[in-house]
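Have a look at the structure below before the remarks.
In what follows, chains are A, B, ... by sequence order, proteins preceding strands, each numbered from 1.
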2 protein chains.
Amino acid sequence: MSTILRKHIERITPLTDSEFDYVLAHFSPRSFKKQQYLIQEGELVQNDFFVLSGLVKSYYTNADGKEHLMQFGMEDWWITDYQAYFNQQHAQLNIDCIENTQVLCLSLHNREKLCAELHKMEHFFRKKSNAGYVALQRRILSLLNNNAQERYESLLKLYPELFQRVPKTLIASYLGVSRETLSRFSSKADLK
Amino acid sequence: MSTILRKHIERITPLTDSEFDYVLAHFSPRSFKKQQYLIQEGELVQNDFFVLSGLVKSYYTNADGKEHLMQFGMEDWWITDYQAYFNQQHAQLNIDCIENTQVLCLSLHNREKLCAELHKMEHFFRKKSNAGYVALQRRILSLLNNNAQERYESLLKLYPELFQRVPKTLIASYLGVSRETLSRFSSKADLK
DNA sequence: ACTTTTTTGTGATGTAAATCACAGGTAAGC
DNA sequence: GCTTACCTGTGATTTACATCACAAAAAAGT
């Protein structure tokens with residue numbers, strides 16, 4: 001199972017067996033059931049989560065109780081409330097499971113320890129962060145530049161499997177569209 | 001002038017004099033006039049720019065010729081087309097000067113060299129990237145969760161000086177609102 | 001198998017904000 | 001100082017999308 005992590009890291013930087021063992025020792029595995037919270041608003045955020053299997057979502061709940069999806073987290077993805085995690089503050093986001101999920105938890109302390117001790121790992125995390133930054137820029141541009149239907153279509157193209165795996169309400173919430181409007185897009189597309 | 005860079009780095013990690021001199025040697029200073037491009041859509045992105053003085057903007061121009069602001073870059077900020085820079089691709093964004101601007105240019109090659117040679121610098125860039133990621137997440141949440149007026153008001157609160165320094169059209173374009181709608185918000189606020 | 005809950009589609013209506021249009025104001029160029 | 005270009009405010013109209021309301025379909029729980 002942890003070979004997923006090793007492959008993931010080695011896409012950026014190769015590790016010796018003993019290096020990887022050392023790295024892995026800084027993670028702790030956990031399992032969560034569907035619906036269970038990984039992080040709940042208000043609590044101190046201890047961990048970043050590397051998803052081994054399953055599917056989770058991070059989202060913000062506003063004053064009116066409306067949810068806005070920040071991120072999905074599936075196999076091979078990292079997820080947490082990064083603002084709270086990096087600054088060791090209380091969570092503004094919730095993260096819970098759409099499916100039963102297995103993760104590897106990495107505390108901020110262990111992350112910083114690994115980065116300090118192994119230059120390779122600092123390199124790895126810098127590269128991941130850079131890639132994440134670019135991905136968020138793309139999402140912002142898409143929010144600024146594309147209308148709801150265009151955003152729907154690019155997401156459908158990029159992650160078609162997501163549309164099978166999660167209720168449309170969540171996809172709507174990720175795209176910043178109402179459930180009903182999203183539904184009308186998919187009916188329209190069916191005509192083709 | 002380069003003390004701005006030193007202070008900027010040392011907010012994250014201290015450097016000896018000789019370390020800083022070594023780092024600085026990997027940057028090259030350049031000056032740009034108002035209106036001048038730092039990066040133009042389509043060209044290969046060679047550099048990340050650290051702004052010493054002045055003000056620039058990065059933006060996407062869509063098929064209809066409409067501009068959407070990705071970022072402002074003022075003193076002490078980094079700016080480039082990161083997608084293109086990190087992957088050594090052609091720019092999708094334009095970057096040009098709102099005011100006469102002085103920058104320090106860092107090529108990807110020199111950035112990676114510094115990161116490989118000086119663990120401290122890899123640490124610095126990781127931290128910067130993390131902070132940038134969190135900032136973009138906040139912007140996405142604001143786009144998903146807040147209406148145009150709320151976005152206007154939080155930006156005004158966060159960067160009041162920006163409203164003196166740049167035309168409202170640009171602020172509208174950053175917020176994803178039309179110039180006219182933004183103008184109506186500011187008239188309303190005057191009544192108080 | 002039956003009940004309950006969740007998910008989805010679709011019509012009717014309302015609204016925030018875009019777009020169009022024009023005028024006064026301010027700054028820049030010569 | 002005059003001219004040209006850019007910037008801002010404000011009304012009238014349009015539009016994309018939200019919200020409300022309901023029903024059918026699918027999934028989950030017992």
Is there a donor-acceptor pair under 3.5 Å between the side chain of B:Asn100 and the backbone N or O of B:Lys34? yes

Heavy-atom nearest nucleotide on DNA chain D for B:Phe163 versus A:Ala148: which residue maps closer to 5'? B:Phe163

N/O (side chain, B:Thr181) to phosphate O (OP1/OP2, C:dA17) under 4.0 Å: no

Hey, is the side chain of A:Lys34 poking within less than 4.0 Å of OP1 or OP2 on D:dA28, counting only N and O atoms? yes

Answer with yes or no whether A:Glu180 presents, from its side chain, a donor or acceptor under 3.5 Å of a partner atom in the base of D:dC17.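 Side chain to base: no pair present.
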
So does A:Arg179 reach the base of C:dT6 with its side chain, donor to acceptor, closer than 3.5 Å?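 Flag unset: no donor-acceptor pair detected.
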
Assess, by modelled atom type and distance only, whether the side chains of [X] and [Y] contain a donor and an acceptor separated by less than 3.5 Å.
X: B:Tyr59; Y: B:Asp96; answer: yes
X: B:Gln83; Y: A:Arg138; answer: yes
X: A:Trp78; Y: A:His8; answer: yes

The side chain of [X] lies closest to which of these nucleotides: [options]?
X: A:Ser186; options: D:dT19, C:dT19, C:dG9; result: C:dG9
X: A:Pro167; options: C:dT8, D:dT10, D:dA18; result: C:dT8
X: B:Ser178; options: C:dA18, C:dA12, C:dA17; result: C:dA18
X: A:Val177; options: D:dA18, D:dA12, D:dG9; result: D:dA18

Grab the [atom1]-[atom2] distance between [X] and [N] for me, whole Å please.
X: B:Gln149; N: C:dA18; atom1: CD; atom2: C1'; result: 16 Å
X: A:Ile171; N: C:dG9; atom1: CD1; atom2: P; result: 11 Å
X: A:Leu182; N: C:dT7; atom1: CG; atom2: C1'; result: 13 Å
X: B:Arg151; N: C:dA16; atom1: CZ; atom2: P; result: 14 Å
X: B:His68; N: C:dA18; atom1: NE2; atom2: C1'; result: 12 Å
X: B:Glu99; N: C:dA27; atom1: CD; atom2: C1'; result: 15 Å
X: A:Asp64; N: D:dT19; atom1: CG; atom2: P; result: 9 Å
X: B:Lys66; N: C:dC20; atom1: NZ; atom2: C1'; result: 13 Å

Mind running side-chain hydrogen bond (donor to acceptor under 3.5 Å, both in side chains) on A:Glu122 and B:His119 for me, showing each step along the way? CA-CA 8 Å; A:Glu122 185 120 46; B:His119 190 161; 2.7 Å; yes

